[in-house]
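Just so you know, these numbers use all the heavy atoms, side chains as well, and skip hydrogens, waters and symmetry mates. Letters A, B, ... are given to chains in the order of the sequence lines, protein chains preceding strands, and every chain is numbered from 1.
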Protein chains: 6
Amino acid sequence: MRPSGRKLDEMRPVSVDVGFTKHAEGSALIKVGDTHVLCTATIEDRVPPFIKGSGLGWVTAEYGMLPRATNTRMRREAAAGKQGGRTVEIQRLIGRSLRAGVDRVALGERQITVDCDVLQADGGTRCASITGGWIALRLAVNKLMKAGDVISDPLVPVAAVSCGIYAGQPVLDLDYPEDSEAGVDGNFIMTGTGQLIEVQMSAEGSTYSRAQMDQLMDLAEKGVGELVAVQNTATA
Amino acid sequence: MRPSGRKLDEMRPVSVDVGFTKHAEGSALIKVGDTHVLCTATIEDRVPPFIKGSGLGWVTAEYGMLPRATNTRMRREAAAGKQGGRTVEIQRLIGRSLRAGVDRVALGERQITVDCDVLQADGGTRCASITGGWIALRLAVNKLMKAGDVISDPLVPVAAVSCGIYAGQPVLDLDYPEDSEAGVDGNFIMTGTGQLIEVQMSAEGSTYSRAQMDQLMDLAEKGVGELVAVQNTATA
Amino acid sequence: MRPSGRKLDEMRPVSVDVGFTKHAEGSALIKVGDTHVLCTATIEDRVPPFIKGSGLGWVTAEYGMLPRATNTRMRREAAAGKQGGRTVEIQRLIGRSLRAGVDRVALGERQITVDCDVLQADGGTRCASITGGWIALRLAVNKLMKAGDVISDPLVPVAAVSCGIYAGQPVLDLDYPEDSEAGVDGNFIMTGTGQLIEVQMSAEGSTYSRAQMDQLMDLAEKGVGELVAVQNTATA
Amino acid sequence: MRPSGRKLDEMRPVSVDVGFTKHAEGSALIKVGDTHVLCTATIEDRVPPFIKGSGLGWVTAEYGMLPRATNTRMRREAAAGKQGGRTVEIQRLIGRSLRAGVDRVALGERQITVDCDVLQADGGTRCASITGGWIALRLAVNKLMKAGDVISDPLVPVAAVSCGIYAGQPVLDLDYPEDSEAGVDGNFIMTGTGQLIEVQMSAEGSTYSRAQMDQLMDLAEKGVGELVAVQNTATA
Amino acid sequence: MRPSGRKLDEMRPVSVDVGFTKHAEGSALIKVGDTHVLCTATIEDRVPPFIKGSGLGWVTAEYGMLPRATNTRMRREAAAGKQGGRTVEIQRLIGRSLRAGVDRVALGERQITVDCDVLQADGGTRCASITGGWIALRLAVNKLMKAGDVISDPLVPVAAVSCGIYAGQPVLDLDYPEDSEAGVDGNFIMTGTGQLIEVQMSAEGSTYSRAQMDQLMDLAEKGVGELVAVQNTATA
Amino acid sequence: MRPSGRKLDEMRPVSVDVGFTKHAEGSALIKVGDTHVLCTATIEDRVPPFIKGSGLGWVTAEYGMLPRATNTRMRREAAAGKQGGRTVEIQRLIGRSLRAGVDRVALGERQITVDCDVLQADGGTRCASITGGWIALRLAVNKLMKAGDVISDPLVPVAAVSCGIYAGQPVLDLDYPEDSEAGVDGNFIMTGTGQLIEVQMSAEGSTYSRAQMDQLMDLAEKGVGELVAVQNTATA
């Protein structure tokens with residue numbers, strides 16, 4: 001029933017290429033099916049003004065998409081002169097999600113910026129960004145711990161997956177053909193132990209029941225479990 | 001236990017002043033406790049390019065906050081030269097939520113823009129904007145129906161309420177003192193019959209369980225029910 | 001002869017609702033006929049760099065109009081990405097006018113920002129903003145004086161009224177139907193004792209004589225006198 | 001008493017170099033003392049959308065200042081990414097003033113853009129721009145009349161002069177040292193026959209009486225008379 | 001003598017991964033040493049207004065750098081709200097260079113946009129962009145020719161290499177450590193037959209003689225010859 | 001053969017009017033044929049952050065064109081809200097070129113900003129800006145030397161000329177009619193002793209050989225020699 005022939009609760013194949021670029025303190029190219037996102041983590045000693053002197057760390061994120069990551073070319077945001085609403089919304093979500101898995105006292109007063117740039121898009125770019133961004137963050141924190149700059153591990157695993165109602169059925173990990181048809185879809189961001197960090201489930205021109213919401217949550221738990229396993233392997 | 005002395009499942013008093021400004025096709029000043037939002041609905045014959053000629057209608061929203069709606073003065077976005085990420089995120093949510101309650105065929109090829117401007121803020125401005133924005137929309141559509149421009153009613157009621165975990169307890173309709181302390185909070189947008197349109201539940205530096213999510217959903221159902229009753233009275 | 005049936009030298013009814021919003025140090029909703037402006041005054045300890053350390057205070061103003069304050073919806077300036085020329089011109093005028101009635105030594109090294117946001121427009125919004133903005137400023141300064149932060153009263157009353165030549169006749173306090181037809185119109189900003197602060201009288205596609213200018217000045221003196229009486233009552 | 005040694009009612013020397021640049025339909029470098037403004041007029045067949053098909057013409061203006069026209073270098077507005085409030089206010093005044101002297105029916109459905117760029121500033125740049133801009137406009141219209149594109153002369157002379165109260169005395173045509181000290185100053189824009197087009201008289205931290213306003217008007221009439229004579233000679 | 005141990009006339013290893021992303025009509029990841037650029041070519045039927053209806057084609061380019069392509073993180077241009085001067089200069093060069101190798105009549109009235117996004121930078125990104133961008137362009141044109149939309153091949157090979165004077169010696173293909181030290185460096189863009197398209201040779205705080213210019217040209221001819229061989233192999 | 005009747009190696013007449021404006025530390029109006037550029041040099045004590053405390057000086061440049069410097073009116077960049085790509089490219093070239101002729105140690109830790117504003121354009125504005133900008137710089141440095149703030153002369157002469165291939169022939173100093181037709185053209189920036197600072201030679205839809213490049217270099221040497229003579233006379 002799904003365009004890709006996948007089962008309702010089946011994720012796309014996921015692979016991770018760590019160290020894809022050399023300058024960043026952490027970097028990974030994550031591929032969730034045909035969605036490819038390059039994630040890098042940058043450590044800086046400065047923190048935003050509102051936590052200066054607090055001893056707390058900060059994690060933030062930025063998101064971008066190359067103009068021809070998509071089927072038709074999109075206008076470059078730098079040329080347009082501003083980040084679109086969708087971009088801003090996504091990068092706020094990525095930052096918020098990653099921060100929820102960080103012990104900011106243990107991180108210490110420093111900032112890590114996670115850049116997620118979509119090289120190729122096929123649905124689910126924000127979830128792939130969170131899952132891959134966490135890997136870049138993990139690698140950067142490992143460097144801090146190896147150097148003795150951070151003593152106690154400040155991270156718990158964070159991963160994200162999309163779910164939705166496609167052709168009347170709850171499905172896991174929507175690809176673009178599904179995403180563009182689904183009347184209801186959203187994202188679940190969770191920790192490795194199944195605690196919720198963020199749920200965003202929207203209907204466009206449609207609605208859904210609590211029973212359906214529960215089915216989607218079940219799918220999300222399964223998907224996040226698989227993603228956390230991939231994260232563990234990649235950063236072992 | 002709540003700073004306001006309210007019970008865990010008790011909303012703030014809600015009042016609506018319809019026709020607060022005279023030019024708009026629909027207007028209402030909604031007060032949810034000390035959060036006051038002026039909502040206006042503007043009918044235009046043009047529609048966005050992507051639905052031109054489709055016969056379908058469109059509903060969109062914009063959101064703003066007066067500089068001194070808050071406890072300390074915020075910079076005016078027009079002076080800053082752009083809408084902040086929070087503003088863009090909120091107005092996209094309002095538009096999406098209202099559209100979910102609109103039969104776009106019945107509305108016909110026209111656009112209704114709902115402007116939500118916060119005159120005074122005390123937490124929950126986006127939910128008040130959706131609830132009040134729907135009233136302005138209702139009044140504007142009534143005008144179209146009275147004029148015979150729209151024959152079959154294209155609207156079902158849409159309302160929104162915030163919930164969160166404050167001091168370890170699930171609470172309904174957070175005011176600003178609660179909102180600024182809550183580690184978990186979010187918004188539930190629902191129809192008058194209890195169908196879900198959008199769920200957004202985020203944790204900042206914290207997480208929550210599925211059991212807690214269920215408790216919040218119960219609160220949200222209660223709150224939206226009360227808000228829809230207010231909407232019905234105000235637009236009767 | 002006037003669309004509203006008013007006499008040539010008759011102002012629209014003026015009312016003031018002080019304390020309309022709760023966060024600002026001073027706030028007032030002024031209604032001059034169907035022109036409604038929400039004015040708030042914010043006290044801050046910082047001053048602009050060019051007077052730092054001088055011991056002098058500063059008063060500045062910002063102006064905005066809600067998108068549907070007018071008969072047809074105007075584009076939101078925050079969305080357009082800049083304040084239009086008209087907005088900038090008006091807010092500079094408001095700031096200059098209010099400053100002329102302030103003893104900046106007596107005010108002390110602090111800044112008061114007066115925000116004037118038009119909720120509903122029917123001509124004369126800049127004059128209503130000055131008159132109402134002064135009330136918000138008065139209330140904020142009262143707070144400073146009550147707290148002993150300011151000893152000697154730094155304010156003299158400032159109010160503004162528009163005049164113009166409509167259908168060949170000099171008229172006081174133009175509403176929108178008059179304003180859009182008048183070939184000559186402008187604004188008089190004066191103190192409570194009838195001293196001039198600013199005169200702006202422009203013709204668009206027309207001219208006027210010195211004799212006509214004198215007639216308009218007479219009207220303005222009458223109007224400002226009435227406005228100052230309203231200010232006194234509102235802030236008593 | 002005046003820093004320049006001029007009498008209270010004495011203007012600075014005024015000279016005009018017509019045809020200073022070759023591409024524009026009309027061009028003039030006007031020098032009012034040490035204030036030098038290059039004015040060009042451009043004729044285009046298109047008009048703004050709001051008068052398309054009306055048969056009426058349009059005159060508009062833009063104003064700029066070279067970065068080192070002033071004593072200390074100012075930031076280039078193109079580099080800053082926007083025109084400042086002062087620039088916008090001035091160019092709106094120039095456009096409005098020139099239009100008041102144009103019979104838009106006689107001009108026919110075309111637009112003339114007058115650019116006023118200050119090469120060197122010493123006070124009174126907006127007045128010099130109006131006076132010199134009118135000369136550029138006159139030359140461009142002469143070209144249209146010579147070509148038979150315009151039959152009846154659409155122009156009456158328009159000129160502008162500043163006046164103010166300096167050291168307690170009313171003075172004509174303020175230069176920069178006077179302008180930066182005067183508590184009251186403004187601009188009078190008039191036709192060649194002494195009719196008023198625009199009066200802008202502001203006090204900054206000061207006020208003035210109607211009697212003083214009358215004295216300034218007398219000075220302005222004298223000054224504009226002299227400027228119109230210079231315009232006539234330059235364009236003869 | 002060179003930091004990398006290369007000979008004066010030795011290029012870095014060059015590799016090309018064609019079809020790196022799937023949506024674009026042509027795509028290639030080019031690696032010139034540690035400089036990695038993702039190039040995509042997009043075919044569109046529309047052309048810029050100035051050649052509409054001329055029957056001629058157009059090739060244009062855009063350039064970007066991921067924030068952490070460099071040793072320290074650079075601000076994202078989309079977030080900064082504009083493309084920097086360096087970016088604009090580079091993308092104009094890429095477009096001009098590629099166009100010089102295109103028979104615009106044979107291409108037909110269509111536009112090809114070449115996007116060059118630097119994933120990792122180590123000097124020479126603009127030259128790698130031109131060389132890799134030509135490959136993406138070649139692949140896209142091949143598609144047009146296979147489909148019969150273009151009959152006669154409109155392309156001649158175009159490649160680019162940097163040269164400079166490092167530690168007093170002329171060197172080929174500067175990497176970042178050389179580039180940041182060289183007082184004289186620049187770029188040579190040439191066709192496969194050794195004709196020049198563009199020469200840009202700048203000194204910063206230094207100068208060079210015609211004899212040195214000749215030596216650099218010799219190096220450039222050698223380098224471009226090698227790059228064209230790589231292009232041929234990659235697109236065979 | 002040339003539209004102007006000039007010989008292949010003949011420059012346009014060049015004249016310089018030093019001290020054209022009074023505020024700048026150095027100013028000159030340079031006329032190269034009908035290309036007229038007003039150049040000013042501003043001395044400031046502050047330097048860019050990256051050389052603060054280094055003892056080194058800095059020279060930078062900005063470039064602009066009045067809207068009607070050209071045959072048809074161009075949009076004012078300040079109104080457009082940004083400097084176009086061409087402007088940025090040119091001003092970076094001017095700054096780089098002038099810096100190459102400056103001994104930054106001898107200049108001392110101060111910044112000189114050279115503004116080049118084109119009053120009238122007829123081809124070759126960037127070369128005229130460099131040649132005239134150097135004169136303004138020379139005059140400003142003379143002032144510093146006379147005041148004893150700079151002891152040893154930090155400047156060597158820098159001038160620039162364009163060359164190109166017009167109608168198959170190499171020509172010196174292209175005017176606009178030649179520039180708009182030439183398939184190959186560029187700029188040579190050199191010192192007074194014939195050392196090269198920057199070479200930019202581009203082909204648009206064409207290519208050129210090394211032999212042709214040599215011919216253009218010969219022409220450039222002749223042209224720069226003549227320009228340096230003019231510079232010497234003007235600043236003697």
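- Counting heavy atoms from C-beta on, the side chains of F:Met213 and E:Asp214 never come closer than 4.5 Å.
- Interatomic distance, F:Met201 CE to E:Ile189 CD1, rounded to the nearest 0.5 Å: 13.0 Å.
- Looking only at heavy-atom pairs under 4.5 Å with chain E, the residue among F:Arg104, F:Glu221, F:Gln212, F:Met190 that has the most is F:Glu221.
- Only the side chain of E:Thr191 comes within less than 4.5 Å of a heavy atom of chain F; its backbone N, CA, C and O stay farther away.
- For chain F, the nearby parts of E:Glu89 are the backbone and the side chain; heavy atoms of each come within less than 4.5 Å.
- What you find for F:Ile197 and E:Tyr208 is that their closest heavy atoms are O-CE2, 3.5 Å.
- Each of E:Gly186, E:Gly183, E:Ser202, E:Gly194 has some count of heavy-atom pairs under 4.5 Å with chain F, and the biggest count is that of E:Ser202.
- Residues of residues 90-101 of chain F having a heavy atom under 4.5 Å from any heavy atom of chain E, listed by number: F:Arg92, F:Arg96, F:Arg99, F:Ala100.
- Both the backbone and the side chain of F:Arg210 have a heavy atom closer than 4.5 Å to some heavy atom of chain E.
- Of residues 61-86 of chain F, those residues with a non-hydrogen atom less than 4.5 Å from any non-hydrogen atom of chain E are, in numerical order, F:Gly85, F:Arg86.
- A distance of 11.0 Å separates CG in E:Leu196 from OG in F:Ser206, rounded to the nearest 0.5 Å.
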